[in-house]
Amino acid sequence: MSENNTKVQRNLWENPWGYVESFFIGIGLIITGLFLEVLNTSESTFTLSYPFNLYFLIGYVLILFVLYKWFSTTQLIRWLTKVPASISSITLVTLLVMVMGIIPQVTSENSLINNLGLNHITSNWAFLLILFQFLTCLGLISIKRILQFKWSNFGFILNHLGLFLALISGILGTGDLQRLSINVYENKPSWIATDAQKNEIELPFAFYLKDFLIDEYHPKLALIENKTGSIAHNNGKNLYLVEKGEKYSFKNFEVTVNDFLPNSGRVGARYEPVNELGSPPSASISVKNVENDSIQNAWISSGSFRYPYESFKISEEYSLVMTIPEVKKFSSDIDILTKEGERISTVLEVNKPFSYKGWKIYQLSYDDKMGKWSNLSVLELVKDPWLPLIYIGIFMMIAGAFYMFWMGNKITKNQE
């Protein structure tokens, strides 16, 4: 009987709290976090920025080391290094991430969602508390394996340390993340950017836009109903590109594109090639009515900010129009001017950022009213100094996975 009691006591010492208690603690943390959200009347999100986030990271790691080194026999620390604490916390973190995927992360019309902070999960106190528990489990387990180092545990250490580093860097890095936009006009230096709150921020360098370029597809040809103005063929899909010499069929009409001018201006009864600001595309077309073989000729144009569009009424019911050309790609030929007098030239395109002194510079937008004649280019600047640590953590996890796979194969071969 005494032997059984000894086994039970030993089991309780090794596994102080099981899954039920662990989930109970985790749910308690979430409820506490939701109460904090309700009590928090401030609209601003609490974040740490440099150097305080770095101090917090160093202090947090030192506290974890002290807790394991000198307090590892306490019930709380023993529980945090066991499987139930890790499994319960990662399960609840996953649950909150699923909530984030279900509930739009914007201001909601439902006051309950707003009050509980379910529309900003990543900064919600409930999420931060349960994630803090999970990080504490990761940190203590990693320290335990490091202090009891064996080469067979090397992959395990890499995996856990990598996950710890990636997660805590992502959390602490939010305070140092900068996302700015700047309007750059042709032949004018610009160095004043704005953040999401429209605050002006002076950059340590300037942008000089030499040229803004847009490549466009040819406009499309569409048959519209005169009464409703809606497209009357193909349900508005798969419209025909305007190409010289092409023939298209619209209901009882056959349309031939006799000529196409990408930049033009009206001269009397026709359009002529013109290379000036706002000169729109135009096309000469012939329309044949297959019912009576009658043929009509006309010019149509999509127009621009400077000139009106021109359609062609082919019957009482229908007219032919040319749509506004769609943008194929746009880019900015810029110089980056530094205070030291350095001039760095680059061409920015969408999804092709340029890196400079920790900044990622993206081509964002332009003056869409001016179209290809826009002299404005809108750039986005993103700076995340903690991103390299996140990448290091990810690569550590990958390396740990490869190491464990390699060790598993090695053990299998030895057993054979």
Side-chain angles (χ1 to χ4, degrees), residues 11-38 40 45-46 57 60-61 63-64 67-68 72 74-105 108 110 112-113 115-146 153 155-174 389-390 393-394 396-398 400-401 404-405 408:
N11 186 55
L12 288 173
W13 190 88
E14 293 177 352
N15 302 286
W17 293 317
Y19 286 100
V20 174
E21 295 87 349
S22 298
F23 274 101
F24 183 80
I25 293 171
I27 293 171
L29 288 174
I30 291 177
I31 294 173
T32 302
L34 294 177
F35 269 115
L36 290 174
E37 283 292 327
V38 173
N40 182 24
T45 303
F46 175 76
L57 176 59
Y60 181 49
V61 173
I63 289 172
L64 290 178
L67 287 175
Y68 182 78
S72 59
T74 61
Q75 189 172 1
L76 178 62
I77 304 304
R78 283 189 288 110
W79 169 70
L80 287 170
T81 59
K82 299 300 179 181
V83 173
S86 299
I87 295 297
S88 61
S89 57
I90 191 60
T91 301
L92 294 173
V93 167
T94 305
L95 180 63
L96 291 177
V97 170
M98 292 173 63
V99 171
M100 181 174 63
I102 296 171
I103 298 177
Q105 299 299 287
S108 174
N110 189 323
L112 181 62
I113 291 176
N115 291 335
L116 293 178
L118 299 179
N119 58 342
H120 55 87
I121 291 292
T122 55
S123 58
N124 188 299
W125 279 107
F127 181 78
L128 294 176
L129 287 176
I130 197 66
L131 187 60
F132 179 74
Q133 183 202 328
F134 178 62
L135 285 171
T136 302
C137 292
L138 271 178
L140 289 172
I141 293 170
S142 300
I143 292 171
K144 176 182 178 180
R145 293 300 180 99
I146 291 172
N153 290 330
F156 179 92
I157 294 171
L158 281 177
N159 266 324
H160 284 65
L161 269 183
L163 182 56
F164 178 85
L165 185 61
L167 286 175
I168 201 165
S169 298
I171 296 169
L172 297 179
T174 55
L389 289 178
I390 297 175
I394 293 172
M396 286 173 67
M397 287 189 285
I398 294 173
M404 288 191 292
F405 179 76

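Worth saying up front: this structure is predicted, and the values here are computed from it rather than measured.
- The side-chain heavy atoms of L161 and I146, taken from C-beta on, include a pair separated by under 4.5 Å.
- To the nearest 0.5 Å, atoms CG (N40) and CG (N115) are separated by 11.0 Å.
- In terms of heavy-atom proximity, L29 sits nearest to I130 at CD1-CD1, 4.3 Å.
- Contact between S123 and E37 at its shortest, heavy atoms only, is O-OE2, 3.8 Å.
- Remark: side-chain polar atoms of Y60 are paired, donor with acceptor, to backbone N or O of T136 under 3.5 angstrom.
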Take F164 and H160, measure what ring pair (Phe, Tyr, Trp, His ring centres under 6.0 Å) needs, and give me the verdict at the end. CA-CA 6 Å; F164 178 85; H160 284 65; over 10 Å; no
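- Considering all non-hydrogen atoms of both residues, S88 and Q133 come closest at OG-NE2, 4.1 Å.
- Residues G18 and S22 approach most closely at O-OG, 2.7 Å, considering heavy atoms.
- Atom CD1 of residue I157 and atom CD1 of residue I141 lie 12.0 Å apart, to the nearest 0.5 angstrom.
- In terms of heavy atoms, I390 sits closest to S169 at CG1-CB, 3.7 Å.
- To the nearest 0.5 Å, atoms OG (S72) and CD1 (I143) are separated by 11.0 Å.
- When the options T32, I30, L36 are evaluated for a side chain to side chain contact (heavy atoms under 4.5 Å, CB included) with W125, the one that passes is L36.
- Side-chain contact between F134 and L163: present, with at least one pair of heavy atoms (C-beta onward) separated by less than 4.5 Å.
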Can you check side-chain hydrogen bond (donor to acceptor under 3.5 Å, both in side chains) on T81 and Y68, steps first, answer last? CA-CA 9 Å; T81 59; Y68 182 78; over 6 Å; no
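- Between the CG atom of L172 and the CG atom of L389 there is a distance of 10.0 Å, given to the nearest 0.5 Å.
- Within the 4.5 Å cutoff, the side chain of N124 has heavy atoms near those of the L34 side chain.
- Tested against M100 for a side chain to side chain contact (heavy atoms under 4.5 Å, CB included), the candidates L118, I121, N119 yield a single pass: I121.
- Annotation for L112 and N110: closest pair N-OD1, 2.9 Å, computed over non-hydrogen atoms.
- Aromatic pair F132/F127: ring centres not closer than 6.0 Å.
- Of the inter-residue distances, the one linking I168 atom CD1 with L138 atom CG reads 10.0 Å to the nearest 0.5 angstrom.
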Go through the steps for L158 and M404 under the test side-chain contact (heavy atoms from CB on, under 4.5 Å), then give the verdict. CA-CA 10 Å; L158 281 177; M404 288 191 292; over 6 Å; no
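- We find the CG-CD1 distance between L57 and I171 to be 11.0 Å, quoted to the nearest 0.5 Å.
- By the 6.0 Å contact criterion, CZ on F35 is open, its count of non-hydrogen atoms from other residues, nucleotides or ligands being 12 or less.
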